[in-house]
2 protein chains.
Amino acid sequence: MTLSEQQLSLIEEFGIYQENNGFQPAVARVMGLLLVSDRAELTFDEISETLNISKSATSNALNMLLNTGHIEYTTFPGDRKRYFRIKSSNWRDLFGKKMEDLSHLNGLLKRVLEVRKRENPVYDAKLNDFISFLDFVKNRMPSLIDEWEKSKT
Amino acid sequence: MTLSEQQLSLIEEFGIYQENNGFQPAVARVMGLLLVSDRAELTFDEISETLNISKSATSNALNMLLNTGHIEYTTFPGDRKRYFRIKSSNWRDLFGKKMEDLSHLNGLLKRVLEVRKRENPVYDAKLNDFISFLDFVKNRMPSLIDEWEKSKT
DNA sequence: TCATTAGTTCATAATTTACAGAACTAAAAT
DNA sequence: ATTTTAGTTCTGTAAATTATGAACTAATGA
């Protein structure tokens, strides 16, 4: 498994991006490798050796990614190794997660308006405005996706 | 400064949400307090005492939030204290950040397609699809915001 | 002039996290 | 039967993060 300079630095950049999304460094690098490698499917040892991470870290990372549905694996007859790859369905899920996150935030903000008693309604109005904006975006999302599906053809 | 049970637990929940967005625990709690407290503006000591965090942690948190533009303060004549509050303009910025983040991701994914040489074009096609979806959402966002502004009146 | 207020800065302590290395297991191969 | 393969699990620990308390500063007040 030999990678170009560009591939190596892209793994790091994507890794940092995913660290900021709450993944452990090693886990984020494994995702990066599976994303940028020339072969879509890699074995345990290839991942461990290419990224220079221990077997335990590799095992931990792969199981974490399997459990969270970010990767999957295939096997081949007469070959005991598993071949790991990124779940391609996961791209849309990833976007869905961002939307869910905004939904979660919006739920919290709605509760904020319920529990606090502000003398000055200006602050409440601004917050209400933002809440309704998030609701609006959420509601329009399905039709937006629809619109995109049609534009593809 | 006395807070209801609901306010206290909402501070923690919002705090955890913001920890996941990369804020330090104490910083996230300060944001939560300023968000849910009945008074919009609180002093250094009120924040420190209500959250039970040391003066140094409070100082650090407030300066961090000031520097990142999340809070601001006012003062009153003959009163040396500063009164801190959440910047309300910040709500829209927060949404903007999420969109920028998706843009960043999309930039990385475009580079992925450039650097990897996949024998099987199926994976490339799926990724390309997602990239074009993110571009589509980004392009439609201004008109979506426009639509919302109009629907408000 | 001395005390108080409203913070800031620094050294350090307490957690937390992230990983390595070694020992282990279960199945397959020789 | 024992060796190899393909991992897993279990400590230990280095490093990073986060917060504390004490000492400090600069301005105001008595």
Side-chain angles (χ1 to χ4, degrees), chain A residues 1 11-12 14-34 39 41-68 70-85, chain B residues 1 8 11-12 14-34 37 39 41-68 70-85:
Chain A
M1 267 291 301
I11 289 171
E12 292 309 311
F14 184 80
I16 289 169
Y17 177 81
Q18 290 296 52
E19 279 183 45
N20 291 329
N21 276 297
F23 292 93
Q24 295 180 337
V27 175
R29 298 305 178 286
V30 170
M31 294 183 79
L33 173 59
L34 290 176
R39 263 181 303 129
E41 288 158 353
L42 302 178
T43 66
F44 187 103
D45 282 338
E46 283 172 329
I47 293 164
S48 173
E49 281 161 26
T50 308
L51 294 176
N52 275 303
I53 55 180
S54 67
K55 286 174 74 177
S56 52
T58 306
S59 175
N60 164 61
L62 290 173
N63 286 318
M64 168 141 299
L65 291 170
L66 284 170
N67 288 331
T68 53
H70 287 90
I71 63 170
E72 61 192 353
Y73 63 85
T74 23
T75 52
F76 298 99
D79 184 350
R80 200 140 54 100
K81 289 189 186 99
R82 291 179 292 175
Y83 292 78
F84 299 93
R85 63 163 171 256
Chain B
M1 268 290 301
L8 286 171
I11 289 171
E12 292 308 311
F14 184 79
I16 289 169
Y17 177 82
Q18 289 295 52
E19 278 184 46
N20 291 330
N21 275 298
F23 291 93
Q24 295 180 335
V27 174
R29 298 304 178 287
V30 170
M31 293 183 79
L33 173 59
L34 291 176
S37 75
R39 264 181 304 127
E41 287 159 353
L42 301 178
T43 66
F44 187 104
D45 281 338
E46 284 173 329
I47 293 165
S48 172
E49 282 161 26
T50 307
L51 294 176
N52 274 303
I53 56 181
S54 66
K55 288 174 72 177
S56 50
T58 306
S59 176
N60 164 61
L62 290 173
N63 286 320
M64 170 139 300
L65 290 170
L66 284 169
N67 288 332
T68 54
H70 287 89
I71 64 171
E72 60 191 353
Y73 63 85
T74 23
T75 51
F76 298 99
D79 184 351
R80 200 138 57 98
K81 287 186 187 104
R82 290 179 293 173
Y83 292 79
F84 300 94
R85 65 162 172 258

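Sequence lines set the chain letters: A, B, ... in the order given, protein chains first and strands last, and positions in each chain run from 1.
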Peer 1: How many Å lie between CG on B:Leu42 and P on C:dG7, as a whole number?
Peer 2: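 One finds 13 Å between P of C:dG7 and CG of B:Leu42, rounded.
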Peer 1: Between D:dA26 atom P and B:Arg82 atom CZ, what is the distance in whole Å?
Peer 2: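 Between P of D:dA26 and CZ of B:Arg82: 15 Å.
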Peer 1: With a 3.5 Å distance limit and no angle check, can you tell me whether B:Asn21 reaches the backbone of B:Tyr17 through a side-chain donor-acceptor pair?
Peer 2: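 Side chain of B:Asn21 to backbone of B:Tyr17, a donor-acceptor pair under 3.5 Å: yes, one is there.
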Peer 1: So, for A:Ser48 and A:Ile53, which heavy atoms are closest and what is the spacing to 0.1 Å?
Peer 2: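 In this case the closest contact between A:Ser48 and A:Ile53 is OG-O, 2.8 Å.
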Peer 1: Whether the side chain of B:Thr43 engages the backbone of B:Tyr83 through a donor-acceptor N/O pair (distance < 3.5 Å, no angle test) should be reported.
Peer 2: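 Looks like no, no N/O pair under 3.5 Å.
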Peer 1: Using only atom types and a distance under 3.5 Å, with no angle test, would you say the side chain of B:Asn67 pairs donor to acceptor with the backbone of B:Asn63?
Peer 2: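 Flag set: sc B:Asn67 to bb B:Asn63 pair under 3.5 Å.
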Peer 1: Tell me, please, which residues at least two apart from B:Phe14 pass ring-ring contact (aromatic ring centres under 6.0 Å, His included).
Peer 2: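 B:Phe14 satisfies ring-ring contact (aromatic ring centres under 6.0 Å, His included) with no other residue.
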Peer 1: Keeping to residues at least two apart or across chains, list the salt bridge (charged side-chain N to carboxylate O under 4.0 Å, His left out) pairs with something in residues 14-28 of chain B.
Peer 2: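 Residue pairs with at least one partner in residues 14-28 of chain B: B:Glu19-B:Arg29.
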Peer 1: Could you give the CE-to-P distance, from B:Met64 to C:dT9, as a whole number of Å?
Peer 2: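 It works out to 13 Å between those atoms.
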Peer 1: Report the residue (A:Val27 or A:Gly78) whose heavy-atom-nearest nucleotide on DNA chain C is the more 5′ of the two.
Peer 2: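 That would be A:Val27.
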Peer 1: Roughly how many Å is it from CZ in B:Arg80 to C1' in C:dT5, rounded to a whole number?
Peer 2: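 So the two atoms are 4 Å apart, to the nearest Å.
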Peer 1: Are there any protein N/O atoms within less than 3.5 Å of an N/O atom in nucleotides 9-15 of chain D, and if so, which ones and at what distance?
Peer 2:
none

Peer 1: In whole angstrom, what separates B:Asn52's CG from D:dT20's P?
Peer 2: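 Answer to the nearest Å: 9 Å.
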Peer 1: Roughly, in whole Å, what's the span from NZ in A:Lys81 to P in C:dA28?
Peer 2: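 Going from NZ in A:Lys81 over to P in C:dA28 covers 15 Å.
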Peer 1: Atom CZ in B:Arg39, atom CD in B:Glu46: separation rounded to 0.5 Å?
Peer 2: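 With rounding to 0.5 Å, CZ (B:Arg39) is 4.0 Å from CD (B:Glu46).
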Peer 1: Return the residues of residues 19-26 of chain A meeting this criterion: a heavy atom under 4.0 Å from some atom of DNA chain D. Order them by number, or give none.
Peer 2: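 Listed by number, there are none.
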Peer 1: Heavy atoms from C-beta onward define the side chain here; which of D:dT20, D:dT8, C:dA20 lies closest to that of A:Ile53?
Peer 2: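 Of the options given, the side chain of A:Ile53 lies nearest C:dA20.
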Peer 1: If I take atom CG in residue B:Asp79 and atom P in nucleotide C:dA6, what distance separates them, rounded to the nearest angstrom?
Peer 2: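 Rounded to the whole Å, the gap is 7 Å.
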Peer 1: Tell me the interatomic distance from A:Ile16, atom CD1, to C:dA18, atom P, rounded to whole angstroms.
Peer 2: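 Value for this atom pair: 14 Å.
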Peer 1: So, using ring-ring contact (aromatic ring centres under 6.0 Å, His included) as the criterion, who are the partners of A:Phe44 when residues are at least two apart?
Peer 2: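 Expected list: none.
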Peer 1: Could you pull out all residues at least two apart from A:Arg85 that satisfy side-chain hydrogen bond (donor to acceptor under 3.5 Å, both in side chains)?
Peer 2: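 So A:Arg85 forms a side-chain hydrogen bond (donor to acceptor under 3.5 Å, both in side chains) with A:Glu41, A:Glu72, A:Thr74.
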